[in-house]
Amino acid sequence: MIKNIKWLLLVSLTFVACNSDEEDTSGVVPEVPVTAGTADFSNYVSLGNSITAGYADGALFMAGQANSYPKLLSDQFALVGGGPFTIPYMNDNIGGLVVGGFQIQGTRLIFNGSAPVNLPGTPTTDVLNHLTGPFNNLGVPGAKSFHLLANGYGNIAGVLSGQANPYFVRFATSSSTTVLADALAQNPTFFSLWIGNNDVLSYALSGGTGTNQTGNMNPATYGSNDITDPTAFAGVYSTLLDGLTSNGAKGVVANIPYVSAVPFFTTVPVKAIPELPVSDAAQLNQLFGAINQITTALGQPNRFVELIADDSNPLTSGKNPLLINDETLPDLSTYITATLTPVLGGPTATYVGGLYGRARHARLTTGDRDYILLTASSIIGTNQAGAPSPFNIIGISNPMQDNRTLTAAEVAEIKTAVDAYNISIKALADAKGLAYVDANTALNDVADGGVIFDNFHMTSDFVKGGAFGLDGVHPSARGQAYIANKFIEAINAKYGSTLRKYKAQDFPLSYPAGL
């Protein structure tokens, strides 16, 4: 039967071909030939961090690297004179890293039907097995802007101290080189640069536990989760572009997206608590009401809202906000202890004062919104070890700690830094005559209702949206194609090239377990 269907199809195609002179092709627009325009793609290098490297689903692995936006760009460049594009491939599609057999990074995530889990298996990529380069894709997972200029960033001796990066250790041309130096040694004719995400993202992913280093111009003194000073960032970025364009190379750069575009921060709702049993709601409302009276007496805003009870009244139904700790709030421990001692007794009042001294309910107000990290989803509603009942339910009666939330104040710090970075990136790109990708707007569009990518509606919804992988931070294969298209649009517009864009259906929504 299958043979007959194929035969009929062949006959029909032959018939169409024989009668093609009868078709009306007057309205068909001929396809524009692929050209390079004024750009020279013969030797392309890409610099950046994990997205540039092809990191996805919580790990770096071969399939993710093959679908990275620089690799997709290089495939289009090859049609107009682009040369080979070498990638420091991992050993497998398991993901993860080992050093001398000791695992230092986990395997990639897969979806088990209900939640992302780590793929079973043992990583086979050993940092000590050095690769011989040079490599065109110089994306280094975890790199911040100033790391691209850091001597010794590929020195194995500095991995444990955090002064070096194990991914760069694998393919750096020497233990003392820099990422920029390895790029310039190849005398590139064209480059892409997308760096700066981690200059704020590491702070955000930690729940704001780092330090905002605005005012500190010395990145050598920063912690791993700190926000880079905008002036220091501008100086680093200027140095990068000066080097990359020193031999007349042209290129494309991209700005930094807001963290609010990433599902890691938007998947867990602020109002994540179902209606509480009547007795529990009454007990907590009484306690939180007493603390609100303290803040009122001190001339401060109330920190708690009245919790909704499961009283079968449809007019009062809804979800309750999460209880969080906000380190920016004045500590009211002593006031709470003093107020509640006559009611609860000294030891209990002291415990309650310490527990709720900087606690409040999370907010969802526009312009003053808190974000709950994806990692909080596994602990909300569970018991806090060592906490006595009824003060032991995380997110309800026991505040979630700072590393599980991103408060409105912390979000404002991040936004201020990103806005400053992006002003510098745009100004420097314009001064150098480079193509410019507004990645911030592109990813905000994905988060704000989604975008139409061919016939596919792509959103930032976790797991099912199609734009992001299972770690909630890095693009999926389809998301990488969307990003590549934005780069292609910018390159075509700037250099008069006619590079082809990618189709959504050619890229999977997620990577299967059995790659």
Side-chain angles (χ1 to χ4, degrees), residues 47-52 142-150 179-180 192-245 251-262 264-266 328 366-371 406-445 447-448 473 483 486-487 490:
L47 295 85
N49 45 45
S50 52
I51 298 178
T52 299
K144 298 187 179 187
S145 59
F146 50 85
H147 287 145
L148 303 190
L149 302 177
V179 177
L180 178 62
S192 64
L193 175 65
W194 193 10
I195 195 68
N197 295 351
N198 289 329
D199 290 65
V200 290
L201 184 60
S202 60
Y203 177 86
L205 292 175
S206 75
T209 59
T211 300
N212 185 352
Q213 293 286 359
T214 298
N216 181 358
M217 291 288 292
N218 184 9
T221 64
Y222 295 179
S224 60
N225 294 328
D226 292 354
I227 296 176
T228 302
D229 172 82
T231 304
F233 175 88
V236 166
Y237 208 89
S238 180
T239 300
L240 291 170
L241 291 188
D242 284 346
L244 290 167
T245 59
V252 57
V253 303
N255 68 2
I256 312 304
Y258 294 139
V259 298
S260 56
V262 179
F264 187 87
F265 303 101
T266 58
T328 67
T366 301
D368 190 29
R369 176 190 166 170
D370 302 307
Y371 291 87
L406 201 58
T407 65
E410 291 165 342
V411 172
E413 287 185 301
I414 294 169
K415 183 179 183 301
T416 298
V418 168
D419 287 343
Y421 298 167
N422 287 346
I423 289 172
S424 295
I425 293 171
K426 183 64 166 65
L428 290 167
D430 289 345
K432 295 290 186 180
L434 301 171
Y436 174 80
V437 179
D438 188 356
N440 191 18
T441 296
L443 292 180
N444 281 337
D445 289 343
D448 187 16
V473 175
I483 290 169
K486 293 300 177 182
F487 274 74

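The figures here come from the full heavy-atom set of this structure, side chains too, leaving out hydrogens, waters and symmetry mates.
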Using side-chain heavy atoms (C-beta onward) and a distance below 4.5 Å, is Phe146 in contact with Asp199?
yes

Taking C-beta and beyond as the side chain, do Ser145 and Tyr237 meet within less than 4.5 Å on heavy atoms?
no

Would Val411 and Arg369 count as a side chain to side chain contact (heavy atoms under 4.5 Å, CB included) if you check the C-alpha gap in whole Å, the side-chain angles of each, and the deciding distance to 0.1 Å?
CA-CA 8 Å; Val411 172; Arg369 176 190 166 170; over 6 Å; no

Geometric class of the Tyr421/Phe233 ring pair [parallel <30°, tilted 30-60°, perpendicular >60°]
parallel

Here the pair of heavy atoms bringing Asn422 nearest to Asn255 is OD1-CB, 3.2 Å

May I ask you to decide if Gly215's main-chain N or O and Asp229's side chain share a donor-acceptor pair within less than 3.5 Å?
yes

What verdict does the side chain to side chain contact (heavy atoms under 4.5 Å, CB included) test give for Leu47 and Ile195, after you've listed the backbone C-alpha separation in whole Å, the side-chain angles of each residue and the deciding distance to 0.1 Å?
CA-CA 7 Å; Leu47 295 85; Ile195 195 68; over 6 Å; no

Would you say the side chain of Tyr436 lies within less than 4.5 Å of the side chain of Ile425, judging by non-hydrogen atoms?
yes

Do the side chain of Tyr203 and the main chain of Glu410 share a donor and acceptor less than 3.5 angstrom apart?
no

Would you say Phe264 and Val259 make side-chain contact, with heavy atoms under 4.5 Å?
no

Ile227 side chain near Ile414 side chain, heavy-atom distance below 4.5 Å
yes

Applying side chain to side chain contact (heavy atoms under 4.5 Å, CB included) to Thr211 and Asn216, what does each step give before you reach the verdict?
CA-CA 11 Å; Thr211 300; Asn216 181 358; over 6 Å; no

Thr441 side chain to Asp438 backbone, donor-acceptor under 3.5 Å
no

When you compare the side chain of Pro257 with that of Asn444, does any pair of heavy atoms fall below 4.5 Å?
no

Any side-chain donor paired with an acceptor under 3.5 Å for Lys144 and Ser202?
yes

